[in-house]
Amino acid sequence: MHNLSLCQTLNLQYPLIQAPMAGVSTPAMAAAVSNAGALGSISVGASTPEQAEILIRTTQSLTTGPLNVNVFCHALVSRDPVREQAWIARFGELFNHYQVQPPTELAEIYASFQGNEAMLKVLLDTAPAVVSFHFGLPSAEFLQRIRARGIITLATATSVSEALAAEAAGIDFIVAQGIEAGGHRGIFNPDAGDHQLSTFTLLQAIRKYSRLPVISAGGVMDGAGIAAMLKLGATGVQLGTAFVLCPESAANEAYRQALKSDKALSTTMTSAISGRPARCITNDFCHFTRDFSRDSIPPYPLTYALGKALAAAALTQGVQGFGAQWAGQGATLVREMPAAELVRTLVAEWQGT
């Protein structure tokens, strides 16, 4: 297994992965990418098992190519009513300003894959070519059942120690997520400190310490970036932000306009939107919460419940800067074209370097 490349293992034409991106990726996008010879992905991290099955089967109906389905393996939430109410109170004036009542309590809007038998059953029934894990690893039992189904496994790692944990668990490929990456960091425990290694450095460090093939993720937007990562020994390259402006993406108009504007020059790593570190275009939400201490923020996904409510409240008044406008540090290089055309463009650039 360790000697097989990503392309050999999944019968891909190109060693490229469109990142799962919950809330942005769609069946149409993933299928277009897989049909173009790369690996398309969808995330079911924000879905119920019933919604997940529809997403996966819809995507599979649109392509005969391989599909990557991503799940969230965050730790189960321990509730702290005092901290949660204090968090809601901090946003009271903002909700009042937008003439909307703040939520009375925070809700666990997304279930973790940890111990989630119903979601596991969906994965085993639909049997996508790949299942990838973000925010940690599932139990040994869950992983064994997935692998026994013939499904290839990927896990995000933001450090060498996380990569070694994934290797010890029996994961097939490591996704090395550098600090430049947009959206949520896949860090296993956000309270344990973060080495914040760049994609360039993390890829090389993991390759030194782990025998597993490594997929590079974070900050790559064009063929030159792909070529550099492959030259450093990556078996594949995952791109997320590069696909957000594709017509198949579910990104809303405010998010698209922010990405096309000078706002994309500045991104911020913040935990205040969702309760976990994530890279976002520096917007009103980032400015409002920039001085909030990390320990005042409730855990993911409780914080995200309030974040989404605030974004919706602001939108009622035409204010668009409170959304989760996830983007990597290379955001200014984003291009607007259909997903399949983007794959072809990236390949032509990479092969022309």
Side-chain angles (χ1 to χ4, degrees), residues 16-34 36 38-47 51-52 55-56 58-59 62 67-74 109-110 113 128 130-135 154-156 158 175-178 180-187 199 215-221 236-256 258-259 264 267 269-270 273-274 276-281 300-301 304 307-308 311 323-331 333-340 342-343 346:
L16 304 180
I17 301 175
Q18 162 252 315
M21 299 185 291
V24 171
S25 180
T26 61
M29 175 189 282
V33 171
S34 290
L39 180 60
S41 309
I42 55 170
S43 174
V44 297
S47 306
Q51 291 166 335
L55 275 174
I56 297 167
T58 301
T59 312
L62 299 172
L67 171 66
N68 168 32
V69 175
N70 182 258
V71 293
F72 295 164
C73 293
H74 51 283
I109 54 173
Y110 301 152
F113 184 63
V130 180
V131 169
S132 58
F133 308 107
H134 207 58
F135 301 149
L154 276 56
T156 302
T158 64
V175 179
Q177 188 193 35
E180 305 96 320
H184 281 96
R185 264 178 92 54
I187 192 165
T199 309
I215 294 155
S216 195
V220 180
M221 298 291 290
V237 183
Q238 178 170 289
L239 299 88
T241 308
F243 285 90
V244 176
L245 288 186
C246 293
E248 299 94 339
S249 148
N252 65 26
E253 192 55 33
Y255 188 179
R256 291 171 185 271
L259 260 181
T267 62
M269 187 69 74
T270 177
I273 292 177
S274 75
R276 268 185 162 268
R279 186 172 294 284
C280 181
I281 292 173
Y300 176 96
Y304 216 175
K308 287 176 182 291
Q325 295 167 339
W326 307 133
Q329 288 183 339
L333 301 176
V334 70
R335 292 172 281 196
E336 191 169 16
M337 61 179 77
L342 180 57
V343 171
L346 291 167

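Here the side chains of Val71 and Phe133 are in contact, with some heavy-atom distance below 4.5 Å. Under the 4.5 Å side-chain criterion, counting only non-hydrogen atoms from C-beta, Pro20 is in contact with Ser132. Met221 is listed as a side-chain neighbour of Val334, based on a closest heavy-atom distance under 4.5 Å. Counting heavy atoms from C-beta on, the side chains of Val175 and Ile17 never come closer than 4.5 Å. Side-chain contact between Val24 and Tyr255 is present, with heavy atoms from C-beta onward closer than 4.5 Å. Ile42 is listed as a side-chain neighbour of Val69, based on a closest heavy-atom distance under 4.5 Å. Between Leu55 and Ser47, the closest side-chain pair of non-hydrogen atoms falls below 4.5 Å. Using a 4.5 Å heavy-atom cutoff, the side chains of Asn68 and Val131 are not in contact.
Taking all atoms of both residues into account, the shortest heavy-atom contact from Ala46 to Ala22 is CB-CB, 4.5 Å. Counting all heavy atoms, side chain and backbone alike, Ala32 lies closest to Ala340 at O-CB, 4.1 Å. Closest non-hydrogen pair, Ile187 versus Thr158, comes out as N-CG2, 3.6 Å. Ala19 and Ser41 make their closest contact through C-CB, 4.0 Å (heavy atoms, listed as atom of the first residue, atom of the second, distance).
Here the straight-line distance linking atom CD of Glu336 with atom CG of Leu342 works out to 11.5 Å at 0.5 Å rounding. Summarising the geometry, atom CD1 belonging to Ile109 is positioned 5.5 Å from atom NZ belonging to Lys308; distances are rounded to the nearest 0.5 Å. The OG1 atom of Thr241 lies 10.0 Å from the CZ atom of Arg279; values are rounded to the nearest 0.5 Å. Annotation: the span from Met21 atom CE to Leu239 atom CG amounts to 9.0 Å, rounded to 0.5 Å. The distance from atom NE2 of His134 to atom CG of Leu154, rounded to the nearest 0.5 Å, is 12.0 Å.
No donor-acceptor distance shorter than 3.5 angstrom exists from the side chain of Gln325 to the backbone of Cys280, with no hydrogens or angles considered. Using modelled atom types, one side-chain atom of Thr26 and one backbone atom of Glu248 make a donor-acceptor pair closer than 3.5 Å. Listed for the Ser34 side chain is no donor-acceptor partner under 3.5 Å among the backbone atoms of Leu39. The main-chain N or O of Thr199 is found under 3.5 Å from a side-chain atom of Glu180 such that the two form a donor-acceptor pair. The main-chain N or O of Ala327 is never found under 3.5 Å from a side-chain atom of Thr267 such that the two would form a donor-acceptor pair. When atom types are taken as modelled, the side chain of Arg256 and the backbone of Ala251 share a donor-acceptor pair closer than 3.5 angstrom.
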Worked verdict on Ser216 versus Gln238 for side-chain hydrogen bond (donor to acceptor under 3.5 Å, both in side chains) = CA-CA 6 Å; Ser216 195; Gln238 178 170 289; over 6 Å; no

Stepwise side-chain contact (heavy atoms from CB on, under 4.5 Å) test for Met269 and Arg185 = CA-CA 9 Å; Met269 187 69 74; Arg185 264 178 92 54; 3.6 Å; yes

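Aromatic ring centres of Phe113 and Phe72 lie farther apart than the 6.0 Å criterion allows.
The aromatic rings of Tyr110 and Tyr304 sit perpendicular, their planes meeting at an angle over 60°, well past the 30° parallel limit. The aromatic rings of His184 and Tyr300 sit perpendicular to each other, their planes meeting at more than 60°, with 30° as the lower class boundary.
With sequence neighbours excluded, no residue forms a side-chain hydrogen bond (donor to acceptor under 3.5 Å, both in side chains) with Thr59.
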